[in-house]
**Q** 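Let me begin by handing over the structure; questions about it come next.
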Amino acid sequence: MRGRNADDRIISCCRSCSSQELRPILSLGATPLANRLLDADQLDEPEPYYPLDVVFCAACSLVQITYTVPPDELFSEYAYFSSFSDTMLESAREISRRMAERLRLGSGSLAMEIASNDGYLLRNYQELGIPVLGIEPARNIARVAEERGVPTRCAFFGRELAGELRAEGLRADALHANNVLAHVADLNGVVSGIAAVLKPEAVAVVEVPYVRDLIERVEFDTIYHEHLCYFSLSALVQLFARHDLSIWDVERAPIHGGSLRLFVSPTGARAAAARVEELLEDEARIGMDGESFYLGFGRKVEELRRPLLDLLSELRAEGRRVAAYGASAKGSTLLNYFAIGSETVEFVVDRSDYKQGRYTPGTHLPIFPPEELLTRRPEYVLLLTWNFADEILAQQEEYRRQGGRFIIPIPRVEVV
């Protein structure tokens, strides 16, 4: 089943600057929603598929997909819980404690997070005695956060909610937005909202997927309908400046296959660090502000596809059994675009008990707990959550000790 009124949901201008100078980069065809896991009684029902096409804005250099799935369809119920990743927990602990110390936050301060998930980050501030407020649109996840004692508003963040919070006197000393901007159609509304709820000397810590890593490491599987945008620093500087906010520091982080961590404050509040200008100059040097940097990406994806399919075909011919690890959104993109299904992969394992007992979108592979690897003992496991490879390989030491091997598909096919 294809999305209805598809033409009404396809953008004709840039989500950030409204330019109509959009240049095609890659088409992944029509794919199912990456986090729409299925229950057994849904397997015979029509499944919604939507186009997944990527374009580059020649005016502001923002990379984005063209089709907008309504947020309610994507986020009202959500399958991703941050607390199931040790890597995510450690990253959240490190940055929240850094900010609490740097900003000298205390009982009179407020730490806020947009798309706060299950409260995994804000709990670190609570442990330090700092009041917190989470904003989370997914009902099931907001409920978990509240049960864990993290005050959470179940709502989508934007201009309207920001105005309500400000009217209530709720303005942040520290605000976090981890992997939020990539998910929102109204970029300017969210950034305007951030500006509205920051105190004059406050700092917003914003993490986004870095488009440079996506292109250079051929991380095409990070493209799915929830991720509307893929950012360069150049595109972000222009976006925030439009709302009187300045990126005064930036870090590159390995999480999620490569991210930018931005430190943002009201314009004029803080002096810019040298590495902001250095990274902007580096992006210009390699041509990230022009179309040429992105040309050929589709060809590189195809060059990645063939070795993986050849390996899986050889294993199948030898009678080897293959499972997969990670019922993730990126895994859905890879399986569906590469047409890898039950004829090749028997099942998927995942640590999230919310996903266990369900089925993957499009490919309809059953999802089990990781312990199933030791019970069923497939010889190979396709690591779909390759961005957490070190963590997962360490967790699966016993499976590997018994002879099990992992196939890491990106940035190149590797068997470990």
Side-chain angles (χ1 to χ4, degrees), residues 14-19 57 59-62 64 71 95-96 99-100 102-105 108-116 121-122 125 130-137 151-153 155-209 228-229 231-251 259-273 276-277 280:
C14 175
R15 298 178 188 277
S16 178
C17 73
S18 299
S19 168
C57 176
C60 75
S61 76
L62 179 65
Q64 54 209 288
I95 188 59
S96 55
M99 296 309 297
R102 184 170 192 169
L103 299 177
R104 299 180 181 178
L105 304 183
S109 308
L110 178 64
M112 188 181 298
E113 185 177 14
I114 302 168
S116 51
L121 183 146
L122 292 177
Y125 284 104
I130 300 165
V132 303
L133 176 63
I135 312 295
E136 172 53 52
T152 304
R153 295 276 184 100
F156 287 98
F157 183 84
R159 285 189 180 94
E160 183 177 352
L161 180 61
E164 294 174 8
L165 294 173
R166 184 172 176 129
E168 295 172 29
L170 295 172
R171 298 179 68 187
D173 297 273
L175 181 146
H176 292 264
N178 290 342
N179 293 293
V180 177
L181 289 186
H183 291 74
V184 295
D186 185 10
L187 278 177
N188 289 289
V190 169
V191 175
S192 173
I194 290 174
V197 297
L198 289 180
K199 293 179 182 177
E201 300 296 323
V203 175
V205 183
V206 181
E207 293 189 18
V208 297
L228 298 171
C229 299
F231 297 96
S232 63
L233 181 59
S234 175
L236 288 161
V237 166
Q238 296 174 67
L239 171 62
F240 282 98
R242 201 173 296 128
H243 302 282
D244 294 322
L245 294 172
S246 295
I247 300 171
W248 53 269
D249 202 358
V250 61
E251 297 172 353
S259 298
L260 289 180
R261 177 182 283 165
L262 316 171
F263 298 86
V264 180
S265 292
T267 298
R270 296 175 184 270
V276 175
E277 189 60 35
L280 287 171

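Excluded from the calculations below are hydrogen atoms, water molecules and symmetry mates; all remaining heavy atoms, backbone and side chain alike, are included. This chain uses plain numbering: 1 for the first residue, then up along the sequence.
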**Q** So which atom in Leu260 and which in Leu233 form the shortest heavy-atom distance, rounded to 0.1 Å?
**A**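 Between these two residues, the closest heavy atoms are CD1-N, 3.9 Å.
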**Q** Decide yes or no for Leu170 and Val197: does some side-chain heavy atom of the first lie under 4.5 Å from some side-chain heavy atom of the second?
**A**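 Side chain of Leu170 against side chain of Val197, heavy atoms only: no contact under 4.5 Å found.
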**Q** Output the distance between atom CZ (Arg102) and atom CZ (Phe263), rounded to the nearest 0.5 Å.
**A**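 Answer for the CZ-CZ pair, Arg102 versus Phe263, is 6.5 Å.
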**Q** Do Arg159 and Asn188 touch side chain to side chain, with heavy atoms closer than 4.5 Å?
**A**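 Answer yes - side chains close enough.
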**Q** Taking side chain to side chain donor-acceptor pair (under 3.5 Å) as the definition, give me every residue that meets it alongside Arg153, ordered by chain and number, with sequence neighbours left out.
**A**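 Result, side chain to side chain donor-acceptor pair (under 3.5 Å) vs Arg153: Glu168.
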**Q** For residues Arg270 and Asp249, determine if any side-chain heavy atom of one lies less than 4.5 Å from a side-chain heavy atom of the other.
**A**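 Contact flag for Arg270/Asp249 side chains = no.
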**Q** Check the pair Leu245, Leu198 against side-chain contact (heavy atoms from CB on, under 4.5 Å), reporting the backbone distance first and the verdict last.
**A** CA-CA 10 Å; Leu245 294 172; Leu198 289 180; 4.1 Å; yes
**Q** Determine whether a donor-acceptor pair (N or O, by modelled atom type, separation under 3.5 Å) exists between the side chain of Ser116 and the backbone of Ile135.
**A**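 Yes; judged by distance alone, with no hydrogens or angles, the pair exists.
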**Q** Check step by step if side-chain contact (heavy atoms from CB on, under 4.5 Å) holds for Val191 and Val264.
**A** CA-CA 11 Å; Val191 175; Val264 180; over 6 Å; no
**Q** So, applying side chain to side chain contact (heavy atoms under 4.5 Å, CB included) with Ser61, which one of Ser16, Cys17, Ser234 is it?
**A**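 With Ser61 as partner, side chain to side chain contact (heavy atoms under 4.5 Å, CB included) holds for just one option, Ser234.
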**Q** Dump the intermediate steps for side-chain contact (heavy atoms from CB on, under 4.5 Å) on His176 and Val205, then the final yes or no.
**A** CA-CA 5 Å; His176 292 264; Val205 183; 3.8 Å; yes
**Q** Taking all atoms of both residues into account, what is the closest heavy-atom pair of Ile114 and Ile194, and its distance?
**A**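 Taking every non-hydrogen atom into account, CD1-CG1, 3.7 Å.
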**Q** So how far is it from Ser192 OG to Asp244 CG, rounded to the nearest 0.5 Å?
**A**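 It is 9.5 Å, given to the nearest 0.5 Å.
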**Q** Using a 6.0 Å cut-off, check whether atom CD of Glu164 has over 12 heavy atoms from anything other than its own residue.
**A**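 Yes, the 6.0 Å shell around CD holds more than 12 heavy atoms from other groups.
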**Q** Do you know which two heavy atoms are closest between Arg166 and Ala196, and how far apart they sit?
**A**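 In terms of heavy atoms, the two residues are closest at NH1-O, 2.8 Å.
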**Q** Does any non-hydrogen side-chain atom of Ile95 lie less than 4.5 Å from one of Asn178?
**A**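 The answer is no; the side chains never approach within 4.5 Å.
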**Q** Which pair of heavy atoms, one from Cys14 and one from Cys60, lies closest together, and at what distance?
**A**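 The answer is SG-SG, 3.6 Å.
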**Q** Of all the heavy-atom pairs spanning Pro200 and Arg171, show the shortest one and how long it is.
**A**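 Looking at all heavy atoms of both residues, the shortest contact is CD-NH2, 4.1 Å.
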**Q** Report yes or no: does Gln64 contribute a side-chain atom to a donor-acceptor pair with the main-chain N or O of Leu62 at less than 3.5 Å?
**A**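 Yes, because the side chain of Gln64 sits within donor-acceptor range (under 3.5 Å) of the backbone of Leu62.
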**Q** With side chains defined as the heavy atoms from C-beta onward, is the minimum distance between Val203 and Trp248 less than 4.5 Å?
**A**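 They are in side-chain contact.
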**Q** Answer whether the closest heavy-atom distance between the side chains of Cys229 and Arg15 falls below 4.5 Å.
**A**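 In short, these two side chains touch, coming nearer than 4.5 Å.
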**Q** List the atom of Leu103, the atom of Ala174, and the distance in Å for their closest heavy-atom pair.
**A**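 Of all heavy-atom pairs spanning Leu103 and Ala174, the closest is CD1-CB, 4.0 Å.
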**Q** Out of curiosity, Phe156 CZ to Glu136 CD, how far, rounded to the nearest 0.5 Å?
**A**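 That separation rounds to 8.5 Å.
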**Q** Tell me every residue that passes side chain to side chain donor-acceptor pair (under 3.5 Å) with Thr152, counting only those two or more places apart in sequence or in another chain.
**A**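 With sequence neighbours excluded, Thr152 shows a side chain to side chain donor-acceptor pair (under 3.5 Å) to no residue whatsoever.
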**Q** How far apart are the C-alpha atoms of Asp173 and Ile130, what are their side-chain angles, what is the distance that settles it, and do they pass the side-chain contact (heavy atoms from CB on, under 4.5 Å) test?
**A** CA-CA 10 Å; Asp173 297 273; Ile130 300 165; over 6 Å; no
**Q** Between Ser259 (side chain only) and Pro209 (backbone N and O only), is there a donor and an acceptor less than 3.5 Å apart?
**A**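 Looks like no, no N/O pair under 3.5 Å.
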**Q** With side chains defined as the heavy atoms from C-beta onward, is the minimum distance between Phe231 and Leu181 less than 4.5 Å?
**A**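 Side-chain contact under 4.5 Å: yes.
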